[in-house]
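In what follows, a single structure is set out as structure tokens and then discussed.
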Amino acid sequence: MNRLASIFAFAFVVVLALSAPARAQTATGGTIGTTTTTFADGDFFIAVQHPEGSNLGTYDLARFFGQANCKCQEPVYLYVALTSQGFAKRGLVPTGTLRVLVGVNCNQQLYFPGCKDLYDTQITTFMANGRATIPTDARVLSSGQSTIDTSDAGIITSGTTPFNLTDCSASDSLPQGFDQTIWVTVDNGTDGTIDYSTTSTVHVDLTPPPEPSNVVVSPGNEALTLKWDTLDVSINTDLQGYQILCRRGANLQVFNDGTFTPYYNTCKSAVPAGVTGPDALDPLFACSPLLTTSTSSYRVKILQNGIPYGATVVAIDTNGNASTPDLQFAIPQKTLSFYDVYREGSPANGGGAAAGGFCAVGGRPSRRSWIAGGAGLGVALALAAARRRRRK
């Protein structure tokens, strides 16, 4: 009886073993046949690098994707990498295509016309490396795609209908920028269907703040004083502050390099031919630190009297875009007192510069000298009276 029970127990174990799935195949990271492993949020890390190998923080991103870098087509890199969660799926992915694109609605279909394809590789190739550094430039990430010509490598930046931001120019409909979307898409099996996508955004601002109004430049002793009306921060919500630019004489730099840090970006390729100095937003002509959004005046000191200076104030937003400079000219001069005016007047006008004598100015005499002087005066008067009596 015991032997018969043992036979039945052995047979039951065999049946269970044969019916159990081959779990060791996936646990060791082997192939899984036609089974699809789905990527999930958190599998990919996306960053912007400038220069290559250095991820930009939030503040640097805001300053980088402004009008100046866009016009100069400044190099930049997209860095896409697997996270530790994504690395866990390295041996489980099927064949297919991984793409990195920029634009809008890039996950609707593989070749959506509003997207720019920056990187295209096999999933297995990307998973083997675990990362990719993709070269591009600020113009690609800051431009709108023309409905006629796409040779500038621009992309749609908003909505489903392309609008044109020719050569990164500003648009009235986007007064303070837009969010540009970076996409990572996965097409399992390369069948034209996007099975997974994840995104990251960068903020692009191509519009400078308006110029401060009612700017007045007044001369002082070895100084210039600038006053202006501040901008409304409830309207210009991205305003960072103000900075003074100035030049000496024809177009000479006023302060040594590095005296003041420029808080705006400039692009030489965007400056018209022949325009230099403050008119070209040259950072070497900065004549003040960054001034707060509530500051309405500033005194530029340590200037030379008798020399003409041009000065202006520019408004700067958080993306480093500066308003158009408008120089005003003034000549610092010595501040004169009434005595200075008298001494520097001409002889013809009765000024103190005329040749002539002088008078001695002394202090109050002592009591002894006062008494002696009084006695002497008395003797002189007595002698004069005696002479007068004799004449009679």
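Fair warning: this is a prediction, and the values are worked out from it, not measured in the lab.
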Legend entry - Connected via hydrophobic side-chain network under 4.5 Å: Leu82 and Ile134: yes
Inset, instruction - Quick one: closest heavy-atom pair of Thr190 and Gly96, and the distance? - result: OG1-CA, 3.4 Å
Inset, instruction - Assign the ring pair Tyr196 / Phe44 to parallel, tilted or perpendicular, where the plane angle (0 to 90°) is split at 30° and 60°. - result: parallel
Inset, instruction - Quick one: closest heavy-atom pair of Ala322 and Tyr264, and the distance? - result: CB-CB, 3.8 Å
Inset, instruction - Can you spot which of Thr199, Val102, Val202, Leu141 makes a side chain to side chain contact (heavy atoms under 4.5 Å, CB included) with Thr181? - result: Thr199
Legend entry - Thr259 (side chain) donor-acceptor with Phe255 (main chain) under 3.5 angstrom: no
Inset, instruction - Report, as yes or no, whether the 6.0 Å neighbourhood of atom CG on Asn256 holds more than 12 heavy atoms from other residues, nucleotides or ligands. - result: no
Inset, instruction - Decide whether Val216 and Leu226 are clustered together by the hydrophobic rule: side chain heavy atoms of Ile, Leu, Val, Met, Phe, Trp, Tyr closer than 4.5 Å, transitively. - result: no
Inset, instruction - Only one of Thr95, Thr97, Asp187, Asn188 passes side chain to side chain contact (heavy atoms under 4.5 Å, CB included) with Ile123; say which it is. - result: Asn188
Legend entry - Ring centres under 6.0 angstrom apart (His50, Tyr77): no
Inset, instruction - For this output row, return yes or no: ring centroids of Phe329 and Tyr309 closer than 6.0 angstrom. - result: no
Kindly list each side-chain donor-acceptor pair under 3.5 angstrom involving residues 297-307, sequence neighbours excluded, with atom names and distances?
from	atom 1	to	atom 2	distance (Å)
Arg299	NH1	Thr225	OG1	3.1
Gln304	OE1	Arg248	NH2	2.9
Asn305	OD1	Glu222	N	2.7
Asn305	OD1	Gln333	N	3.3
Asn305	ND2	Asn221	OD1	2.9

Legend entry - Modelled atom types, side-chain donor and acceptor of Gln49 and Asn55, under 3.5 Å: yes
Legend entry - Leu206 side chain near Ser142 side chain, heavy-atom distance below 4.5 Å: yes
Inset, instruction - Using atom types as modelled and distance alone, determine if a side-chain donor or acceptor of Asp317 lies under 3.5 Å from a backbone N or O of Asn319. - result: yes
Legend entry - Option from Thr312, Ile244, Leu224, Val313 for which side chain to side chain contact (heavy atoms under 4.5 Å, CB included) with Cys287 holds: Ile244
Inset, instruction - Compare all side-chain heavy atoms of Arg247 with those of Asp279 and state whether any distance is below 4.5 angstrom. - result: yes
Inset, instruction - Answer yes or no: is there a donor N or O on one side and an acceptor on the other, between the side chain of Asn265 and the main chain of Arg63, under 3.5 Å? - result: yes
Legend entry - Check: Asn105 side chain, Gln108 main-chain N or O, donor-acceptor pair, under 3.5 Å: no
